[in-house]
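When a residue number appears, it is its place in the shown sequence, counting from 1.
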Amino acid sequence: MSGSLGIKIGTADFVTAADAATGGSGRSAQRLQTTRHPATLVMTRGMAPTLSPLGSGARPVHPGLVVTGFVDRVGDPIDLVAADGSAHRPEKLVASAVQYLTRYSAGAFAGPPTIAATYPSYWKPQGVQALRAALDRMDMTGVALVDEVGSILARVQSTRGLPSDGAVVVYDLGGNGLSVSVARGTEQVGRTVRSAEFGGKHIDDAILRHVLRGLDGDLGDLDLAAPALLAPLNELRLRCRQAKETLSTETAAVVEVELGPVRHDVRLVRSELEDLIRAQVVGSAEYVREALRTNEIEARDVRAVVLAGGASATPLVTEVLSAEFHVPVIAESEPGLTSANGAALLARSSASAAPSAPVSPQAMPAPISPIPPQSPVPARYAAPAGTVPPADIAPANSAAPQSPRGGKKVGSRRRKQALLAAAAIATLAAAVVGIVAHSAPKTEPQPTVTEQVTNPAPSTETTTPLPYPSRHVS
């Protein structure tokens with residue numbers, strides 16, 4: 001066995017964690033290489049779909065059709081309609097993204113890795129089944145599907161440990177929303193509560209508004225809705241996101257502003273960010289209480305809160321949840337990688353166990369056949385003139401029904417418990433001043449790649465409304 005690959009399927013980002021099995025069995029010897037890609041699928045005629053690299057903005061520079069918003073549509077009986085009018089099955093788009101990531105990551109392994117991909121914990125069973133069928137039709141029967149909560153708990157159990165009794169809350173604050181689940185040990189109890197009213201993008205928006213308010217006197221008559229400013233505004237929003245991530249570990253960050261003739265460096269300190277989002281963070285504690293009520297768990301039975309999702313790295317989240325529930329808050333140094341790292345751990349444990357059962361949402365697979373590495377996003381595509389739709393952003397058709405709301409986990413409880421026990425042992429859309437802007441960056445960088453050790457150290461203003469749809473599932 002040459003190693004294992006974990007893939008997180010997220011509504012905002014896809015994350016991979018490659019365990020190349022470089023030697024050693026202890027926690028300190030296991031090193032994971034991670035990459036992150038926006039959930040932006042680039043479809044070019046005559047080529048396999050690819051994911052846009054991190055930092056390339058909402059619209060890549062090469063020709064092709066760009067599709068977003070497909071992860072939350074899995075299980076929807078209505079096709080997703082792209083900007084050119086073409087119809088696509090959401091589960092096929094997700095399967096295409098998974099296929100691309102397996103090929104993109106192939107170079108990290110000497111042979112075929114065992115692969116596990118997480119699906120969002122709030123998906124209904126029919127969504128998981130639809131994705132399983134799409135993967136099988138694309139000859140990816142060797143990719144196992146595992147519940148995201150299970151992968152998070154497996155990872156935390158292997159690196160930090162979980163309470164031996166009582167309940168654990170999993171607070172997953174991702175780019176597009178908040179998911180709250182409850183577990184006992186490494187087994188989820190009941191359903192996940194999901195809210196699209198608070199997530200990483202909302203924090204980015206708060207920073208962007210703050211920066212623009214600070215420049216109000218310098219902007220003068222500058223029309224922020226002008227087409228020429230769409231790309232600079234999109235780039236500014238990306239820099240606001242980077243400032244948010246910097247403030248997770250530093251006390252200050254600088255946002256470089258380039259809007260037409262306006263050139264400024266805006267300094268943002270952590271206390272300012274906390275003032276901008278405190279009400280939303282405090283309000284998010286109510287979703288924890290709702291998850292406890294929904295699953296008939298008493299608050300006094302909670303022993304810890306586990307953080308996951310990149311936006312949960314904001315220190316204010318730990319501060320508020322610890323004060324609200326008076327329990328330890330467990331988080332890795334980079335909670336946005338926890339799901340993918342856990343999936344790699346589950347795949348690695350499955351490889352050690354050498355299962356012979358066929359792949360299903362309830363069982364881990366045998367290794368897939370090796371796939372030759374391909375260039376993830378070629379710098380230039382030579383498409384015949386007139387045959388490739390113009391580049392455009394294609395979110396889910398607003399007339400189509402929303403994605404399934406909430407759902408139970410899929411899988412055998414006994415088999416999942418055995419798998420997790422083995423794991424523990426083995427160890428844009430940019431919105432500015434009420435408008436949505438999609439634009440192309442000037443460059444196309446490669447995805448962010450990091451290498452980490454498995455056992456890291458523990459770790460009332462008036463605002464401009466944004467046109468984000470919200471959904472609350474209990």
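Remark: D172 engages no residue in a salt bridge (charged side-chain N to carboxylate O under 4.0 Å, His left out) (not counting sequence neighbours). With sequence neighbours excluded, the residues satisfying side-chain contact (heavy atoms from CB on, under 4.5 Å) with A117 are I7, I9, V143, L145. Taking R289 as the reference, A285, E286, R293, E324, F325 meet the side-chain contact (heavy atoms from CB on, under 4.5 Å) condition, with sequence neighbours excluded. Here R89 pairs with D79, E91 under the salt bridge (charged side-chain N to carboxylate O under 4.0 Å, His left out) rule; sequence neighbours left out. Listed by chain and residue number, nothing satisfies the salt bridge (charged side-chain N to carboxylate O under 4.0 Å, His left out) test with E296 (two or more places apart in sequence, or in another chain).
With a 6.0 Å radius and a threshold of 12 heavy atoms from other residues, nucleotides or ligands, R278 has its CZ atom above the threshold.
With respect to the salt-bridge test (charged N to carboxylate O, under 4.0 angstrom), the residues E245 and R36 qualify. Ion pairing of R241 with D13 is present here, as a side-chain N (NZ or NE/NH1/NH2) and a carboxylate O approach within less than 4.0 Å. By the 4.0 Å N-to-carboxylate-O rule, D204 lies too far from K201 to be salt-bridged with it. Residues D205 and R237 are paired through a salt bridge, judged by an N-O separation under 4.0 Å between the basic side chain and the carboxylate.
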Inset, instruction - Could you walk me through whether D19 and F109 pass the side-chain contact (heavy atoms from CB on, under 4.5 Å) test, one step at a time? - result: CA-CA 8 Å; D19 174 11; F109 303 98; 5.7 Å; no

Inset, instruction - Apply side-chain contact (heavy atoms from CB on, under 4.5 Å) to the pair L51 and V42, showing each step before the final yes or no. - result: CA-CA 6 Å; L51 285 173; V42 183; over 6 Å; no

Inset, instruction - Tell me, with the steps shown, if V193 and Y122 meet side-chain contact (heavy atoms from CB on, under 4.5 Å). - result: CA-CA 7 Å; V193 170; Y122 55 88; over 6 Å; no

Inset, instruction - Decide yes or no on side-chain contact (heavy atoms from CB on, under 4.5 Å) for V182 and V302, but give the supporting numbers first. - result: CA-CA 9 Å; V182 184; V302 176; over 6 Å; no

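Taking the six-membered ring where tryptophan is involved, the planes of Y104 and Y100 are tilted, since the angle between them lies from 30° to 60°.
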Identify every side-chain donor-acceptor pair in residues 304-319 under 3.5 Å, counting partners at least two apart or on other chains, and give the distances.
from, atom 1, to, atom 2, distance (Å)
S312, OG, A308, O, 3.1
S312, OG, G309, O, 2.7
T314, OG1, A311, O, 3.1

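Side chain to side chain, E197 and Y287 meet the donor-acceptor criterion of an N or O pair below 3.5 Å. Looking only at atom types and distance, the side chain of R270 has no donor-acceptor partner in the side chain of T251 under 3.5 Å away. Between the side chains of E332 and T338, at least one donor N or O lies within less than 3.5 Å of an accepting N or O. T16 and T35 share a side-chain donor-acceptor pair at under 3.5 Å. Using modelled atom types and a 3.5 Å distance limit, the side chains of S284 and Y171 yield a donor-acceptor pair. A side-chain donor-acceptor contact under 3.5 Å links Q188 and T192. Using modelled atom types, one finds no donor on one side chain facing an acceptor on the other under 3.5 Å when comparing E148 with S121.
Formation of a donor-acceptor pair under 3.5 Å by the R160 side chain with backbone atoms of A331 is found in this model. Side-chain N or O atoms of D147 include one that pairs as donor or acceptor with a backbone N or O of V149 at under 3.5 Å. Q157 contributes a side-chain N or O that, together with a main-chain N or O of L162, makes up a donor-acceptor pair within less than 3.5 Å.
Side chains of Y119 and V71 form no contact here, defined as non-hydrogen atoms less than 4.5 Å apart.
Of all heavy-atom pairs spanning L346 and S151, the tightest one is CD1-CA, 4.0 Å. Of all non-hydrogen atoms in V94 and V74, the two that sit nearest each other are CG2-CG2, 3.6 Å.
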